[in-house]
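In the text below, chain A, chain B and the rest are named by the order of the sequence lines, each starting its count at 1.
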There are 2 protein chains.
Amino acid sequence: MFRFQEKRFCYSVQPAYNRSKMTRSRVSMKDVAAAAGVSLTTVSDALNDRGRLPEATRRRVRDVAEQLGFQPHRTARSLAKGRSGILMLSVSLPESTPGSAVDIEFFVQLMSAASGAALHRGWALVLAPATGSERSVPVDFDGAIVVDPRPHDALLRLADAEGKPVVTVGRDLENPDRLHVDNDHSAAVREALDLMAKAGAERPALLTSEADSSYVQDCIDGYNVWCTTRAMTPQVVTAAGGLTQGAGYEAARDFLTGPKRPDAVFTTLDSLALGVHLAAQSLGLDMPHDLQVATLSDSEAARQARPPVTAVDLNPVATGKEAVQLLIKAIEDAADTESFLVPTRMHVRGSTGTASPEAVSD
Amino acid sequence: MFRFQEKRFCYSVQPAYNRSKMTRSRVSMKDVAAAAGVSLTTVSDALNDRGRLPEATRRRVRDVAEQLGFQPHRTARSLAKGRSGILMLSVSLPESTPGSAVDIEFFVQLMSAASGAALHRGWALVLAPATGSERSVPVDFDGAIVVDPRPHDALLRLADAEGKPVVTVGRDLENPDRLHVDNDHSAAVREALDLMAKAGAERPALLTSEADSSYVQDCIDGYNVWCTTRAMTPQVVTAAGGLTQGAGYEAARDFLTGPKRPDAVFTTLDSLALGVHLAAQSLGLDMPHDLQVATLSDSEAARQARPPVTAVDLNPVATGKEAVQLLIKAIEDAADTESFLVPTRMHVRGSTGTASPEAVSD
DNA sequence: CTGTTAGCGCTTTCAT
DNA sequence: ATGAAAGCGCTAACAG
């Protein structure tokens, strides 16, 4: 239950910008040219540092432009150059996941870092409409970043159709050679399993979401390789219900009360781990003694849980920056761009047993 | 401590889009006109539903366009119409706050909702560079949303300078009549104080961040009015160190060990409340018995804390949507736009004592 | 070293 | 009911 405020919800005011409505019409390059007594070309060259003008003219023109308060008209420039300066970014979650990508810390960090990196290099980044959304992209764009691509991602297909460069975060399973940024999830899983094994785990399980992303498959591969090496019987559980704590909880209630209960579990997302955490508590299992928990993707929630959850930091900030950098490179000259693997970090915390001496909790 | 992966960090692949490099050059309206045997004007009119063509021609032209796979060139349209279709959004945090706005759930929700609402209506939303950032905005925009405006917000000044409409979230204290979206924070504070008083609070304090935002001032006003009405001595504490849990913790350690320790505290942001929460626990104070805590702005962290924190949901999603709607209206016709107050919701949880019967925890 | 000119792809008067 | 033509503000050949 809740109560709404009883007060007025609306009232009226005058927009502030109305007051200075005598907006002097934009200063154009033509105006600058006239004022400086040169041609349009010269102004363009001076403003864009095209080195064919003597420093003197360049300076003079720039000064005039500054004094007139000239601001370049980006749209006109875009039209003339055939480049909009806009990058699109889409994150498509599995159908089954309620809520949106902003509920997942990894995506928020990545998105924010990507936007900042783009701006820093003079590009603008626009979030793409959720897949399946009514209309398509409302602006011209020069390239796209597709996070965790799924078979029929709208932005991916649109970019491909228009021949525009794409960088994916995580591999495009339908086209694995496509330019991408990724982590070595398989290695991360094996590292975490080693850690838990050292602390006594004998039956580690893997809890994943639906396996339609490359990172989930990599985790499964890494887990299977590890189990094979150790001659252990793998137990892979797929949580139904998307990337949520609830999905993790339901799955965990299930396998934690079944026969051959695992004594450790690695999850492919922090929200799943949090669900396992909750299930373990509700079953009266002690972490890490009765059950060790480790997960892919670090988050504030993983840090705040009691005990805090051991997690692999995927470095979404570096990932976002790198994706932007790669995409810009691909746009500017398709040559010499190569996919990139972002290093991960393991944060050992209370949800797993004590690890080897060099890996201490942060 | 942590360990980096030892593996290869990079390897090279061929960008996928290179393979289809024989990109058929965009289909333009001219092509459509030729194919349909009509003029450019007619195509334009048909495609934009300008009602001067008989339904027959309109259909025919549209069919041809569709068959040719025509996609409008947004940039060209923008140049001709003098409107870019782009909205800017900036969030400026207090100088003292480390990290970025994406660490604050309110902003993330607002931003995501705003972006979605813009897209839904055919506009694109671009995040503005952090204030004080090197270069200015890399695209032409038609209007701006400025969240929690501060005295010298770069985007605010830029928009004003170019005579572009602005909607602020929270009032612009230097120009209170400016179009905005806001909550009735003063009423929310009083409601929370009532709640805590009913549960026995006799010395409620107010913990705020630096008071340079309208919402902080509103909280202070509401608090003072409430105290005056009840003939209570107000105790307002300003946390140093920005909008962080650490800042809340430090401030709370201080006033919780001083003379006349408050038995309840209202904070102006969830991270501050979480800091108070931590301080109370470290001092062995029981919540809600020894200390009641309530805060502005609900969050996952407030819900997950033990005990969970009573919080005012500011409805950032509605706020973001409304801001976009208002801004578009202001861009399209400056008339009849009015500021808007978004209703809030109180979520009563374990950090405060039992409230009146109709306000039950969710 | 600098200017002239023709677009970029669309919208929009103004004719017919 | 439809078309011709002049831009929108900038870039980029191509001259000189």
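For the OP1/OP2 pair of D:dC8 and a distance below 4.0 Å, the side-chain nitrogens and oxygens of B:Arg77 include no atom meeting the criterion. Of the side-chain N and O atoms in B:Thr42, one or more sit less than 4.0 angstrom from OP1 or OP2 of D:dG3. Using a 4.0 Å cut-off, some side-chain N or O of B:Ser44 falls inside it from OP1 or OP2 of C:dT11. Regarding contacts with the backbone of D:dC8, every side-chain N or O of A:Arg26 stays at 4.0 angstrom or more from both OP1 and OP2. Contact annotation: A:Ser39 reaches the phosphate of C:dG3 (side-chain N/O to OP1 or OP2, under 4.0 Å).
If you measure from atom CG of A:Asp140 to atom C1' of C:dC8, you get 12 Å, rounded to the nearest angstrom.
The A:Leu79 side chain lies nearest to D:dG9 when the options are D:dG9, C:dC1, D:dG3. Considering only the side chain of A:Ala80, D:dT11 comes nearest among C:dC10, D:dT11, D:dA1. Closest to the side chain of A:Leu40, from the set C:dT12, C:dT2, D:dT11, is D:dT11.
In this structure, the side chains of A:Pro165 and A:Leu179 stay at 4.5 Å or more apart for every pair of heavy atoms. Counting heavy atoms from C-beta on, the side chains of A:Leu47 and A:Phe70 come closer than 4.5 Å.
Within the nucleic acid shown, B:Thr57 comes within 4.0 Å of sugar-phosphate atoms alone, with no base atom in reach, counting heavy atoms only. Using a 4.0 Å heavy-atom distance criterion, B:Ser28 is classed as a sugar-phosphate-only contact. No engagement by A:Asp45 is indicated, since no non-hydrogen atom pair under 4.0 Å with the nucleic acid exists.
Judged by distance alone, the side chain of A:Lys30 and the main-chain N or O of A:Leu40 form no donor-acceptor pair under 3.5 Å.
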Test salt bridge (charged side-chain N to carboxylate O under 4.0 Å, His left out) on B:Asp333 and B:Lys329 and set out the steps. CA-CA 6 Å; B:Asp333 70 330; B:Lys329 212 177 198 176; over 6 Å; no
